[in-house]
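The next block holds one structure in the form of structure tokens; read it before the comments.
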Amino acid sequence: MSSKLCVCEAIRDEVKGFSPYTAGKSIDEVKQAYGLDTIIKLASNENPLGTSPRVQDAIKLYADYAFRYGQVGTPNLISAIAQHFHIHEDSIVTGNGSDEVIDMLIRVKATPGKSNIVAFDPCFSMYQVLSNLCAVEFRQAQLKTDFTFDWDALLNLVDDNTSIVFITTPDNPSGYAPPVEEILSLHSKLPESCLLVVDEAYMDFAEDLETYSMLPRLAEYENICVLRTFSKCFGLAGLRLGFGAMHPNLAEYLRRIRAPFSVNVLAEQAGIAVLSDTPFIEETLRVTREGREYLTNELRALDFTVYPSLANFIMVEAPVDGSYLNEELLKRGLIIRPLVKGYNLPKHLRITIGTAHENQVLISALKEILNAE
Ligand SMILES: *Cc1c(COP(=O)(O)O)cnc(C)c1O
């Protein structure tokens, strides 16, 4: 029995023709392509202040430990997270970015070829990327035209084989956040076997956590999981660190299947250090909230449609063609995020809130581009 397929053709069906995650353009890419020295990147929702000084000290201090394996399950980091967020250690699972936790949840909860996963459209594309990889059907309910959540449309897609429903709040790419009561009302209508994953990657930036965050109420519910990341407010995107908080029994299954050292020793120490750096966190929130208001006002004055956002980015529709505008900004060394790829929104752009200076440079560039029209 000879197979005619060569090694690179004999590949799992789900992997052939697989669409990867598309990230924002990198600084080096734009430097090279446009022959520029200085770049302002407002594309990937990173922290405008850079890396916390305490994190930099911790990384230097622990550089000597790079040859050691870390402790399985990052127990020291888990106690720091438990203290900071007032949640139970048993409920926390850390990951190499919250992307890894999303991947673990899907592999633990969903059966290939049988289960389905439900989310809104558009949504953070990793839910779909990782569902596809697992051969799990991914169903999407259209958001309303103002990017608020159509709960009925979402519920219509849920059946007894729905293993996970993903909600992002504040949402990416719009920045919209529903009151947590609405999410609880959705939860009450889901089958008991279905896990509701509430991805709070940007919740740190919302001012009124009482109204919007599920995390403080988590212990009351068995089938809700909240995701948080260190990539955004905490400024550790490049080190890869996130966590999920969930019922201890579910957490136990994730711990069983996880790759043992996926959170590396420097990421663990960096996570502990940044949680202790209250001045850095407070300054991040201040700069982000002030910048969000500044950009919203200035962009509206330039005839952009600006969607209200509780996150560290804003989604806009430009008064001129979005891809033209994006190209003109790239020529001037400014990277923002067009939403064609991954989100299928050709007219919309997502702009990360930068420092006051970066935001001003963006507005001046936009004025120049729009006047030259
Ligand atoms: C950025 C982001 C994440 C976090 O990803 P990491 O893997 O932790 O860097 C998760 N969910 C959403 C919606 C995001 O935008």
Side-chain angles (χ1 to χ4, degrees), residues 19 21-22 45 98-99 101-103 105-106 109-110 115-134 136-159 161-191 194-203 205-206 211-215 223-229 232 244 305 307-317 337-350:
S19 316
Y21 176 77
T22 41
N45 306 335
S98 45
D99 288 349
V101 185
I102 296 169
D103 184 44
L105 287 168
I106 294 174
K109 279 289 296 171
S115 310
N116 63 75
I117 289 179
V118 173
F120 282 118
D121 182 13
C123 69
F124 182 52
S125 55
M126 284 305 285
Y127 312 142
Q128 174 155 31
V129 168
L130 295 169
S131 301
N132 290 350
L133 183 59
C134 257
V136 172
E137 184 195 348
F138 190 72
R139 301 178 176 175
Q140 286 181 282
Q142 237 14 85
L143 290 174
K144 294 185 184 167
T145 49
D146 61 359
F147 288 80
T148 61
F149 293 176
D150 188 341
W151 300 113
D152 291 336
L154 192 77
L155 270 168
N156 276 337
L157 299 181
V158 173
D159 59 27
N161 289 322
T162 303
S163 53
I164 302 180
V165 171
F166 280 102
I167 301 291
T168 314
T169 179
D171 200 12
N172 182 3
S174 75
Y176 169 75
V180 73
E181 297 302 337
E182 287 187 22
I183 304 178
L184 286 171
S185 156
L186 167 79
H187 167 261
S188 69
K189 295 170 194 147
L190 294 175
C194 174
L195 180 70
L196 175 61
V197 177
V198 184
D199 186 342
E200 297 193 344
Y202 302 97
M203 189 54 80
F205 301 104
T211 305
Y212 295 107
S213 180
M214 183 67 78
L215 194 60
N223 54 339
I224 299 185
C225 167
V226 175
L227 297 176
R228 290 289 185 102
T229 177
K232 312 288 161 52
T305 304
Y307 291 79
S309 168
L310 290 178
N312 67 338
F313 56 80
I314 47 177
M315 186 176 76
V316 301
E317 267 180 86
R337 182 78 144 91
L339 297 172
V340 189
K341 286 187 195 156
Y343 298 94
N344 200 21
L345 295 169
K347 284 163 53 184
H348 296 72
L349 305 161
R350 195 188 64 197

### Message
What I'd like to find out is whether the side chain of Leu310 reaches to under 4.5 Å of the side chain of Tyr202, using heavy atoms alone.
### Response
no
### Summary
Taking every heavy atom of Phe138 against every heavy atom of Ser131, the minimum-distance pair comes out as CD1-OG, 3.5 Å
### Task
Starting at OG of Ser188, measure out to CG of Leu196 and round the result to the nearest 0.5 Å.
10.5 Å
### Query
Do Val198 and Val180 come within less than 4.5 Å of each other through their side chains, counting heavy atoms only?
no
### Query
Does Asn312 reach the main-chain N or O of Asn45 with its side chain, forming a donor-acceptor pair under 3.5 Å?
yes
### Task
Search all heavy atoms of Asn172 against all heavy atoms of Tyr343 and return the closest pair with its distance.
ND2-OH, 3.2 Å
### Query
Out of curiosity, Leu349 CG to Glu317 CD, how far, rounded to the nearest 0.5 Å?
9.0 Å
### Task
Could you give me the CA-CA distance, side-chain angles and deciding distance for Leu215 and Met203, then say whether side chain to side chain contact (heavy atoms under 4.5 Å, CB included) is met?
CA-CA 10 Å; Leu215 194 60; Met203 189 54 80; over 6 Å; no
#### Entry: From CA spacing to verdict: side chain to side chain contact (heavy atoms under 4.5 Å, CB included), Asn344, Asp121
CA-CA 9 Å; Asn344 200 21; Asp121 182 13; 5.7 Å; no
### Summary
Minimal heavy-atom distance between Ala177 and Pro170, with the atoms involved, is CB-CA, 3.9 Å
### Query
Rounded to the nearest 0.5 Å, what separation is found between the OG atom of Ser115 and the CG atom of Asp159?
9.5 Å
### Task
Take Leu184 and Met214 through the test side chain to side chain contact (heavy atoms under 4.5 Å, CB included) and record every step on the way to the result.
CA-CA 9 Å; Leu184 286 171; Met214 183 67 78; 3.8 Å; yes
### Closest non-hydrogen atom pair, Leu155 against Lys189
CD1-CD, 3.5 Å
### Task
Calculate, to the nearest 0.5 Å, the distance between atoms CG and OG1 belonging to Leu227 and Thr169 respectively.
12.5 Å
#### Entry: Ser213 to Arg228 - nearest heavy-atom pair and separation
OG-NH2, 3.3 Å
### Task
Specify whether Phe149 and Tyr176 have parallel, tilted or perpendicular ring planes, treating 30° as the upper limit for parallel and 60° as the lower limit for perpendicular.
perpendicular
### Query
Is any side-chain heavy atom of Thr148 less than 4.5 Å from a side-chain heavy atom of Pro178?
no
#### Entry: Point-to-point distance, once rounded to the nearest 0.5 Å, from OG of Ser174 to CG of Asp146
9.0 Å
### Message
With heavy-atom distances below 4.5 Å as the criterion, would you say the side chains of Pro191 and Val158 are in contact?
### Response
yes
### Task
Step by step, work out the side chain to side chain contact (heavy atoms under 4.5 Å, CB included) result for Phe147 and Leu345.
CA-CA 12 Å; Phe147 288 80; Leu345 295 169; 3.9 Å; yes
### Task
Report yes if the side chains of His348 and Thr305 come closer than 4.5 Å at any heavy-atom pair, otherwise no.
no
### Message
Could you check whether any side-chain heavy atom of Ile106 comes within less than 4.5 Å of a side-chain heavy atom of Leu133, counting everything from C-beta outward?
### Response
no
### Message
Keeping Arg139 on the side-chain end and Leu157 on the backbone end, is there a donor-acceptor pair under 3.5 Å?
### Response
yes
### Query
Who pairs with Arg337 by salt bridge (Lys or Arg N to Asp or Glu O under 4.0 Å), at least two apart in sequence or on another chain?
none
### Message
What I'd like to find out is whether the side chain of Ile183 reaches to under 4.5 Å of the side chain of Ile224, using heavy atoms alone.
### Response
no
### Query
Do the non-hydrogen side-chain atoms of Lys109 and Leu105 ever get within less than 4.5 Å of each other?
no
### Query
Can you name the side chain to side chain donor-acceptor pair (under 3.5 Å) partners of Gln140, sequence neighbours left out?
none
### Query
Do the side chain of Asp99 and the main chain of Ile102 share a donor and acceptor less than 3.5 angstrom apart?
no
### Message
How long is the straight-line distance from CZ of Phe166 back to CD1 of Ile117, given to the nearest 0.5 Å?
### Response
5.5 Å
### Query
Taking all atoms of both residues into account, what is the closest heavy-atom pair of Cys194 and Val165, and its distance?
SG-CG2, 3.8 Å
### Query
Have Asp199 and Tyr127 got a donor and an acceptor in their side chains that come within less than 3.5 Å?
yes
